[in-house]
Visitor: 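Please find one structure pasted underneath; my questions will follow.
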Amino acid sequence: MSVEPRRFLPLLTSHRTGRSAVTCEYRCGNACAHPAPNQSDNEYFGDVVKNVVSRRGALKASAVLTASAAGFAALSGTATAAPPPHAGKPGRPGKPGKPVPGTDFDAVAPNTADAVVIPDGYEQNVVIRWGDAVLPGAPKFDFHRQTASAQAKQFGYNNDFVGLIPQDPLNWRNLLVVNHEYTTETDMFPADQYDPENPTEEQVRIAIAAHGLSVVQAVRDPRGGLRVVPSRYNRRITGETEFEVRGPAAGSDYLKTSADPTGRKVLGTQNNCAGGVTPWGTVLSGEENFNQYFANASSVTDPVVAKRLSRYGLSGGATTRKWERYDDRWDVAKEPNEVNRFGWVVEIDPNDPHSKPVKHTALGRFKHEAANIKITKDGRVAVYSGDDERFDYIYKFVSKGRYKKGKSAHARRHNMALLDEGTLYVARFEGNSPAEEIDGTGTLPSDGEFDGTGKWIPLASGNESYVDGFTAEEVYIFTRLAADTVGATKMDRPEDIEPNPVNGRIYAALTNNSDRGAAGKPGADEVNPRNGNRNGHILEWEEKRGDAAATTFEWRLLLVCGDPATADTYFGGFPKDQVSPISCPDNVAFDRHGNLWISTDGNALGANDGLFSVPVDGPNRGQVKQFLTVPVGAETCGPVVTDDLVLVAVQHPGEGAGAAEPESHWPDGGKANPRPAIVSVWRKGRFHSGRIGIR
Ligand code: FEO
Ligand code: CA
Ligand code: CA
């Protein structure tokens, strides 16, 4: 069957709309409760549209659209691989066609179950959960007797990104790389042990050890699914593991601290969110809401330093977790440069458990989401990354050197240096519809699409800055401030960004932005077309000539998310009574057919978060179908979709209720406290018994 019609999927009314207050506190330091850090007078897109449209008029605008739509379709034919047989013009669906390979399953209805709910005919298992053994000697997890030394050998908390790297052609053995974005101490410690006002030093050390990443070897179980095995590859990277700082800002005075006068050695990685697997088999991971770990920004009096801190969301005194009580490096009044050592893309080589992880300064410093790579036409690598904050920007890095194919040690060394030097760009979007047609309600303009063109504005290249008033090292370390000055477009919280390996276009999730159009804030524009955007949208673009090195592109919105029964939503032109409701898109992935898979964070429609598939070409473009839902209070992260396996990270199940009376008991059941975990889903039956989304 195709998707269940919307009328049979009534939305649930729940007390939980969007994230819980506790999620906001621990995950992003209550970002939405504070003013958006981008207070720059950087011209916003509404002004750009007014200028463009006043020059060419409405009639001309529609002529531009026709040309651009034709160009878009033509460009999509120049993609890196042949389009699938069902491919058609994006955004021009005809009648719904037969189910697209990879998406032929019975959609899961919205629900508030304390379970991972999957389609009929599929099975699931928990691959690994918080506290499970990663390293030899890890003690059995005991919720009531946690220690820092145990946690440093166990799977960390709040799994987010998932990378699956096959080690053989049958995907029998794989390296599973997972990051642990943040800790929620009021859920992870028994209530009678944890006083949020007075955490013990051991509890702080446990939390630091629960951050970072885990690498484990995972084998296919003959009964289906993935199973973690003891292996020499298994590794924990924590908030105290040593990283090497590389690229043009390595050794900068802004990165020197009393513990590291070289500015090249950082202990730990924090708040790792969306990431990516490189073509050379390493994992990139974005450090996101690092600001919340640093105390006492309010005591900084130097106006230049205070402005830099404020632009990165640092304000106030004590932090929620109070790590600053036990180590000065978390206190900006005592160790002012430590904060500049976070907010980077980090690279981990899971193939070598003894390799030193790297922080890449050439990719800029902001609240990084994702680092996914597309090879340019001349063999260099382009890395796409979003800055997840209301009214922040989308970035691209293009390397100077070229990618070397092959798995030799020489090729690996060469490729692992590619991100050391290149050009960092920020995106500017322009629409092609008259400004008066973009009224903030989400109503489509008369040309039928939210779409237009864009350009990549260079910020710095190697040691050369293109931004007035900024040295190159300042561009890399204070990237947000540099981007403010060049006319970058303020977006609705850019999350994951990923190139489609089949059609060559790039897809970005814009999660939401409740401040869009609020008093004194930027209003709707064609690329962020709804004021008070609670449900988010999905953006796609095609680089000129399909080349990731291009500095111009054409874009359009694939989805304007929310309740399909309301007028402010858009599903790529697909009939809205035949799609699943979707809210707050966050992480994205592709299957081998080129279908987009979207996981959500903070469903504002009252149901649990989920994982959705959507074809992006042909007559079924925009046919959103819910593949699974995660337990109450949880967020769906890190989707990986292979031919016969789907992996998701279930992050913060039951978050917000506290450890004394947990709202979720997943995955252990009974009266157990919830534990973040990785789940694999496969077609009912044995290993390789069936393909995902193919009947
Ligand atoms: Fe960690 Fe932007 O979600
Ligand atoms: Ca338009
Ligand atoms: Ca996320």
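Counting starts at 1 for both ligands and their atoms, in listed order.
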Visitor: Could you tell me whether Arg428 and Glu430 have a side-chain N and a carboxylate O separated by less than 4.0 Å?
Guide: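 Answer for the salt bridge query: yes.
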Visitor: Minimum heavy-atom separation for Ile497 to Asn372, with atom names?
Guide: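 Scanning both residues completely, I find the closest heavy atoms to be O-ND2, 2.8 Å.
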Visitor: Output the atom name for the N/O/S atom of Glu369 with the smallest distance to atom 2 (Fe) of ligand 1.
Guide: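 Glu369's closest N, O or S atom to atom 2 (Fe) of ligand 1 is named OE2.
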Visitor: Looking only at N, O or S atoms in Asp447, which is nearest to the Ca ion (ligand 2)?
Guide: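 Within Asp447, restricted to N, O or S, the Ca ion (ligand 2) is closest to atom OD2.
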Visitor: From the N, O or S atoms in Glu526, identify the one nearest to the Ca ion (ligand 2).
Guide: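 Looking only at N, O and S atoms of Glu526, the one nearest the Ca ion (ligand 2) is named OE2.
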Visitor: Determine which of the N, O or S atoms in Glu181 is closest to atom 1 (Fe) of ligand 1 and give its atom name.
Guide: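 Looking only at N, O and S atoms of Glu181, the one nearest atom 1 (Fe) of ligand 1 is named OE2.
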Visitor: Any chance the rings of Trp330 and Phe294 have centres within less than 6.0 Å?
Guide: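 Yes, they do, as the ring centres are separated by less than 6.0 Å.
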Visitor: Check Glu449 and report its N/O/S atom nearest to the Ca ion (ligand 2), by atom name.
Guide: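 The Ca ion (ligand 2) is closest to the Glu449 atom O, counting only N, O or S.
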Visitor: Name whichever N, O or S atom of Asp388 ends up nearest to atom 2 (Fe) of ligand 1.
Guide: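 Per the distance ranking, Asp388 contributes OD2 as its closest N/O/S atom to atom 2 (Fe) of ligand 1.
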Visitor: Does this structure show an ion pair linking Arg27 with Glu655, if we count only N-O contacts that are shorter than 4.0 Å?
Guide: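 Result for this pair is no, no salt bridge flagged.
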Visitor: What does the angle at the Ca ion (ligand 2) come to, between atom OG of Ser433 and atom OD1 of Asn432, rounded to 10°?
Guide: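 Taking the Ca ion (ligand 2) as the apex, I get 90° for this pair.
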Visitor: May I ask you to decide whether Glu495 forms a salt bridge with Arg493, counting only side-chain N to carboxylate O separations under 4.0 Å?
Guide: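 Answer for the salt bridge query: yes.
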Visitor: Do Asp387 and Arg480 meet the salt-bridge criterion of a basic N to acidic O distance under 4.0 Å?
Guide: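 Answer for the salt bridge query: yes.
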Visitor: For a distance under 2.8 Å, tell me if Glu495 has an N/O/S atom near atom 2 (Fe) of ligand 1.
Guide: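 It does; at least one qualifying atom falls short of 2.8 Å.
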Visitor: Return the minimal non-hydrogen interatomic distance between Phe366 and Gly386, and the atom names on each side.
Guide: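 Answer, listing the atom of Phe366 first, then Gly386: CE1-O, 3.5 Å.
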Visitor: Is the Ca ion (ligand 2) less than 3.0 Å from an N/O/S atom of Asp451, whether that atom is in the backbone or a side chain?
Guide: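 Yes, within the cut-off.
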Visitor: For atom 1 (Fe) of ligand 1, give me the closest N/O/S atom belonging to Glu288, just the atom name.
Guide: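 Closest to atom 1 (Fe) of ligand 1 among those atoms: OE1.
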Visitor: Under 2.8 Å from atom 1 (Fe) of ligand 1, can any N, O or S atom of Cys28 be found?
Guide: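 No N, O or S atom of Cys28 is closer than 2.8 Å to atom 1 (Fe) of ligand 1, so no.
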Visitor: Take Phe290 and Trp344, measure what ring pair (Phe, Tyr, Trp, His ring centres under 6.0 Å) needs, and give me the verdict at the end.
Guide: CA-CA 10 Å; Phe290 61 91; Trp344 303 104; 9.0 Å; no
